[in-house]
Amino acid sequence: MSNNTKKRAAVVGYGSMGSWHIRHMQGSDVVTPAGIYDIKPERCALAEENKIHVYKSFEDLLADETVEIVVVATPNDLHKPQTIAALSAGKHVICEKPVTVSSADLQEMIDASVKYNRLFTVHQNRRWDCDYLMIKQVYASGELGEVTSIESRIHGSRGIPGDWRRKREHGGGMLLDWGVHLIDQMLGIVYDRKLESLYCRLYHITNQEVDDGFRLELYFEGGLVALIEVGTSNFISMPRFYITGINGSAIINDWRDECRVVSCRNRDEQNVTPVVTAAGITRTMAPRDPSNLIERFISRPESDVHDFYRNFVRAIDGKEKQIVTHAQVMRVMRIMEAAFESDKLRRPVDFNDN
Ligand code: NAD
């Protein structure tokens with residue numbers, strides 16, 4: 001596609017993610033960057049240094065009739081007003097995650113998309129991460145037998161980064177920041193079950209105002225329990241994914257690793273050699289006879305995050321449906337709201353997953 005046929009996209013907020021979008025567009029086959037707007041003069045100066053057009057104001061950006069798509073990459077509390085302003089100016093909008101900070105706000109954004117007849121989606125780019133794609137494949141294959149538990153974790157040790165992410169008024173905290181990705185992924189893995197209830201505890205190790213991590217348990221129909229945990233004071237990381245079913249388990253230790261799957265030929269093994277430890281003996285926890293096990297490794301699949309933009313452009317042209325739908329984004333938003341409620345009440349809460 002030549003530059004003349006690519007759709008022109010402008011970015012509001014030229015911070016770390018806004019500059020990612022611009023670089024991404026520069027390598028895109030479907031969009032080309034029209035320019036940016038940022039309130040910080042130093043970010044505008046940097047854009048100019050990088051030979052990116054800088055609009056004088058957000059209104060100036062919206063007034064550019066050659067711009068078809070606006071990417072909103074500002075702090076989370078600005079997503080709603082800027083998305084609605086861009087939709088009302090006749091632009092299609094890609095909004096950064098989390099789409100906003102409440103389901104009521106999200107409904108207003110969806111309503112604006114309908115009212116102004118423009119497309120609006122959310123940048124759930126982590127649907128293209130290889131670790132997620134491998135676990136999704138393991139779950140769907142059925143090779144573990146009935147899946148009983150899935151654990152998804154992201155651990156770091158640097159606390160909450162940046163400035164606005166530490167503030168409630170800007171929609172800070174790790175549940176909104178990383179939780180939104182991991183919940184969205186979990187709903188993509190467990191594609192076939194409704195969520196019945198959940199329990200969440202927020203962590204406040206380095207910050208009292210917003211959470212700097214959390215532990216969220218999702219209870220799906222049929223007894224499947226999914227654990228999502230984000231920690232920012234973890235100097236040793238737990239595995240990125242661990243999934244277990246009645247006949248096998250799978251693990252991905254690090255998000256750059258392959259996936260190891262171990263399943264058994266015969267669940268009811270008779271000849272068990274007990275494990276004798278310093279203080280006792282156990283048959284229950286004895287390892288299985290290796291001849292009864294099948295071990296395989298799944299290598300990282302091909303994945304191209306440019307498919308997100310390709311899909312959006314094809315959706316604008318009426319050739320495809322949006323991959324990231326309003327219904328999916330709303331379901332994730334409602335789960336985050338229920339998680340905040342559960343933490344406040346210090347108990348599990350029901351979830352109406354209709
Ligand atoms: P950042 O602080 O690096 O950048 C935000 C930018 O917005 C700053 O340059 C700031 O000056 C600018 N800004 C603030 N108010 C503005 C306004 N009124 N008009 C124009 N510009 C304004 O933050 P970030 O890490 O780039 O995060 C931005 C958004 O991207 C957040 O919503 C975040 O959750 C999201 N994000 C997504 C991913 C992902 O993988 N999808 C990764 C990181 C961040």
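Every number for a ligand or one of its atoms is a count from 1 in the order of the listing. Values below: every heavy atom of this structure, side chains too, minus hydrogens, waters and symmetry copies.
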Honestly, for H79 the part within reach of ligand 1 (heavy atoms, under 4.0 Å) is side chain

The single option from H79, H326, H92 that satisfies ring-ring contact (aromatic ring centres under 6.0 Å, His included) with F120 is H326

Honestly, for R43 the part within reach of ligand 1 (heavy atoms, under 4.0 Å) is side chain

Does the residue H181 have a heavy-atom contact with ligand 1, meaning some pair of atoms that are separated by less than 4.0 Å?
yes

- Item | Pairing of R215 and E217 as salt bridge, 4.0 angstrom limit | yes

task = Work out whether the distance between some heavy atom of Y37 and some atom of ligand 1 is less than 4.0 Å.
result = yes

With a 4.0 Å cut-off on N to O distance, would you call K40 and D38 a salt bridge? no

If we number the atoms of ligand 1 from 1 as shown, the ones under 4.0 Å from a heavy atom of N76 are 31 (C), 32 (O), 33 (C), 34 (O)

So for D163 against ligand 1, with non-hydrogen atoms under 4.0 Å, the contacting part is neither

Honestly, for R165 the part within reach of ligand 1 (heavy atoms, under 4.0 Å) is side chain

inquiry  = With no hydrogens and no angle check, just 3.5 Å: does a side-chain donor-acceptor pair link R240 and S152?
reply    = yes

Atom 27 (O) of ligand 1: closest protein heavy atom, distance to 0.1 Å, is W164 CZ2, 3.5 Å

Among non-hydrogen protein atoms, atom 37 (C) of ligand 1 lies closest to E96 OE1, 3.0 Å

If you scan protein heavy atoms around atom 38 (C) of ligand 1, the nearest is M17 SD, 3.4 Å

| task | Examine H123 together with W20 and report whether their ring centres are nearer than 6.0 Å. | result | yes

CE (M25) and CZ (R8) are apart, to the nearest 0.5 Å, by 11.0 Å

If you scan protein heavy atoms around atom 3 (O) of ligand 1, the nearest is S16 N, 3.0 Å

With the threshold set at 4.0 Å, does a side-chain nitrogen-carboxylate oxygen contact exist between K97 and D177?
yes

_Can you confirm whether more than 12 heavy atoms, excluding those of R288, are under 6.0 Å from its CZ atom?_
yes

heavy-atom search around atom 9 (O) of ligand 1 in the protein gives D38 OD2, 2.6 Å

Any heavy atom of W20 under 4.0 Å from ligand 1? The part involved is neither

### Task
Report the C-alpha separation of E258 and R260 in whole Å, then their side-chain angles, then the decisive distance to 0.1 Å, and conclude whether the salt bridge (charged side-chain N to carboxylate O under 4.0 Å, His left out) test is met.
CA-CA 7 Å; E258 57 189 4; R260 177 177 173 226; over 6 Å; no

Check: of N125, L78, V99, I39, min heavy-atom distance to atom 22 (C) of ligand 1 comes from I39

Within 4.0 Å of some non-hydrogen atom of V12, the atoms of ligand 1 are 20 (C)

**Study point:** Residue pair Y37 / D60, side-chain donor-acceptor N/O under 3.5 Å
**Key:** no

The protein heavy atom nearest to atom 19 (N) of ligand 1 is Q82 NE2, 3.5 Å

A student comparing A73, G18, S19 should find that the heavy atom closest to atom 5 (C) of ligand 1 comes from A73

When distances are taken from atom 29 (C) of ligand 1, the protein heavy atom at minimum range is T74 O, 3.4 Å

| task | Can you establish whether the number of heavy atoms outside E65 located under 6.0 Å from its atom CD is more than 12? | result | no

shortest atom 34 (O) of ligand 1-to-protein heavy-atom contact is with K97 O, 2.8 Å

Query raised in the report: Under 3.5 Å, is there a donor-acceptor pair linking the side chains of N247 and S263?
Result: no

The atoms of ligand 1 lying under 4.0 Å from a heavy atom of H123, numbered in the order shown, are 41 (N)

